[in-house]
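Throughout, residue positions are numbered sequentially from 1 according to the sequence presented.
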Amino acid sequence: MKVTVVCCVLVVLVGALPFSSDAQLDPSFYRDTCPTVHSIVREVVRNVSKSDPRMLASLIRLHFHDCFVQGCDASILLNNTATIESEQQAFPNNNSIRGLDVVNQIKTAVENACPGVVSCADILALAAEISSVLAHGPDWKVPLGRRDSLTANRTLANQNLPAPFFNLTQLKDAFAVQGLNTTDLVALSGAHTIGKAQCRFFVDRLYNFSNTGNPDPTLNTTYLQTLSAICPNGGPGTNLTNFDPTTPDTLDKNYYSNLQVHKGLLQSDQELFSTTGADTISIVNSFSSNQTLFFENFKASMIKMGNIGVLTGSQGEIRQQCNFVNGNSAGLATLATKESSEYGMVSSI
């Protein structure tokens, strides 16, 4: 009965969320100026995901890491220049974010069809939604009309992006700064039902949790043995493992079922269920027992996140190249990114 009550409350929360922000983003923004933009983005993402299924998780995460720094303005895509300190070298992003080259592929295809019309920020939002669908998760109509920033902020990236070792209070605080509530935190964390992480982001849980010299007591002992085999103590830290050991490439409710049996990969994952007395526990239980409820909340929270600090109207610009502001494309030869090493998931989502 208790779970039923919680479910009802969450459904009301979904229904109460605005479809788009005061900035007046609109899913039909490109109806006349670039009507094929969604199909163009989908085709590129679909083709890439055939050979690299984890790219779907990477593109969702890229949108998240963009929105938590200066809002959803594609600032994460800007490379270093004489006047811009790129967010890509911030601790939560460095050798961790993936998909920059895929975004460039999408941008090229979109520019060929509709030059100077579609922002890189909107491409990130569309790629995230399409990635959800291709991973067998929910679909939603993406509010569009964002414009691209003229600046980046590495300091803010280091400050705002939640870390894998955050406790629940720190996670809630990081989301609250963005205007996101506890339900948003739990729903968006469900993105960790797909993707992979490097050992270095959770190895302390296996061998020296909180400097105790012991494993994290909230970690399932069988899962601990599995992870220890993948991530030996003192190893390189770059080995990869799935966030979801059950259905690693499917966006489903199993993330929450895993938390219930103490198989959350990151500390920040397991905190949602294992923090004594936490209000997140009932939400985890609800999502674990009702995938439709999770999907509805995930959609609503992704739309809500996608509205953070957007630039519209005459603000910012429509970048011709996602990695540089217009008129400053010096160093185009450095566009290639270190995709071979960017397989990690640093943040809590």
Side-chain angles (χ1 to χ4, degrees), residues 52 54-104 120-121 124 127-128 131 148-149 151-166 170-171 174 177-178 188-189 191-192 194-205 230-231 234-243 265-269 319 321-325 330-349:
D52 185 3
R54 66 176 168 266
M55 184 54 67
L56 302 178
S58 299
L59 290 172
I60 293 173
R61 179 171 177 261
L62 198 57
H63 181 42
F64 170 81
H65 276 223
D66 179 41
C67 292
F68 266 54
V69 184
Q70 297 189 160
C72 309
D73 62 357
S75 62
I76 194 171
L77 303 178
L78 290 172
N79 284 6
N80 284 313
T81 68
T83 56
I84 290 176
E85 190 177 46
S86 176
E87 295 168 16
Q88 296 164 26
Q89 283 74 51
F91 173 73
N93 295 328
N94 194 35
N95 290 328
S96 167
I97 55 169
R98 304 177 68 233
L100 300 176
D101 60 334
V102 178
V103 174
N104 288 336
C120 299
L124 288 176
S131 293
D148 299 323
S149 70
T151 61
N153 194 324
R154 186 183 299 177
T155 300
L156 207 58
N158 282 317
Q159 176 181 314
N160 283 9
L161 290 165
F165 49 80
F166 270 13
Q170 292 171 310
L171 290 170
V177 166
Q178 307 298 336
L188 292 172
S189 295
H192 277 179
I194 55 175
K196 296 176 182 287
Q198 296 180 44
C199 294
R200 62 192 174 107
F201 300 127
F202 58 87
V203 69
D204 284 353
R205 296 189 70 205
I230 298 169
C231 308
T238 52
N239 291 350
L240 293 167
T241 191
N242 294 317
F243 268 104
L265 184 61
L266 304 181
Q267 178 185 344
S268 56
D269 292 319
R319 285 187 215 141
Q321 274 223 4
C322 289
N323 302 103
F324 299 94
V325 298
L332 290 182
T334 66
L335 275 176
T337 56
K338 295 184 289 183
E339 291 293 329
S340 60
S341 64
E342 293 169 352
Y343 291 169
M345 287 281 195
V346 185
S347 74
S348 71
I349 169 176

Chemist: Can you name the nearest heavy-atom pair linking A197 to L265, along with the distance?
Modeler: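 Heavy atoms only, the tightest pair is CB-CD2, 3.8 Å.
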
Chemist: For a 4.5 angstrom cut-off between non-hydrogen side-chain atoms, does T151 reach I84?
Modeler: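 Side chain of T151 against side chain of I84, heavy atoms only: no contact under 4.5 Å found.
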
Chemist: Is the closest side-chain heavy-atom distance between N93 and R154 below 4.5 Å?
Modeler: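 Answer no - side chains too far apart.
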
Chemist: Side chains of L100 and L77, heavy atoms from C-beta outward: is any pair under 4.5 Å?
Modeler: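 In short, these two side chains touch, coming nearer than 4.5 Å.
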
Chemist: If you compare all heavy atoms of L59 against all heavy atoms of A128, which two are closest, and at what distance to 0.1 Å?
Modeler: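 Heavy atoms only, the tightest pair is O-CB, 4.2 Å.
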
Chemist: Looking only at heavy atoms, what is the nearest atom pair of N153 and E87, with distance?
Modeler: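 Scanning both residues completely, I find the closest heavy atoms to be N-OE2, 3.0 Å.
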
Chemist: For the residue pair P162 and L171, what are the closest heavy atoms and their distance?
Modeler: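 Heavy atoms only, the tightest pair is CB-CD2, 4.0 Å.
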
Chemist: S75 and A152: which non-hydrogen atoms are nearest, and at how many Å?
Modeler: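 Closest pair (atom of S75, atom of A152, distance): O-CB, 3.8 Å.
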
Chemist: What pair of heavy atoms forms the shortest contact from R200 to N94, and how long is it?
Modeler: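 Minimum heavy-atom separation between R200 and N94: NH2-O, 3.9 Å.
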
Chemist: Check whether any side-chain heavy atom of I194 lies under 4.5 Å from a side-chain heavy atom of I60, and answer yes or no.
Modeler: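 They are in contact (side-chain heavy atoms under 4.5 Å apart), so the answer is yes.
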
Chemist: Side-chain contact test, heavy atoms from C-beta onward, threshold under 4.5 Å: evaluate it for L266 versus F243 and give yes or no.
Modeler: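 L266 reaches F243 side chain to side chain.
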
Chemist: Say you draw a straight line from OG1 of T81 to CG of N323; how long is it, rounded to the nearest 0.5 Å?
Modeler: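 So the OG1 of T81 and the CG of N323 are separated by 11.5 Å.
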
Chemist: Indicate yes or no: at least one non-hydrogen side-chain atom of C199 is less than 4.5 angstrom from one of T238.
Modeler: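 They are not in contact (no side-chain heavy atoms under 4.5 Å apart), so the answer is no.
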
Chemist: Within the 4.5 Å heavy-atom criterion, are S96 and R61 side-chain neighbours or not?
Modeler: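 Yes, their side chains come closer than 4.5 Å.
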
Chemist: Please round to the nearest 0.5 Å and tell me the distance separating atom SG of C231 and atom CG of L240.
Modeler: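 That separation rounds to 9.0 Å.
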
Chemist: Measuring from atom OG of S58 to atom NE2 of H63, what distance do you get when rounded to the nearest 0.5 angstrom?
Modeler: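 One finds 15.0 Å between OG of S58 and NE2 of H63.
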
Chemist: Rounded to the nearest 0.5 Å, what separation is found between the CZ atom of F165 and the CZ atom of R205?
Modeler: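 The CZ atom of R205 is 13.5 Å from CZ of F165, to the nearest 0.5 Å.
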
Chemist: Output the distance between atom CG (L78) and atom OG (S149), rounded to the nearest 0.5 Å.
Modeler: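 Between atom CG of L78 and atom OG of S149 there are 5.0 Å.
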
Chemist: Measure the CD-NE2 distance between Q88 and H65 for me, rounded to the nearest 0.5 Å.
Modeler: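 So the gap between those two atoms works out to 12.5 Å.
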
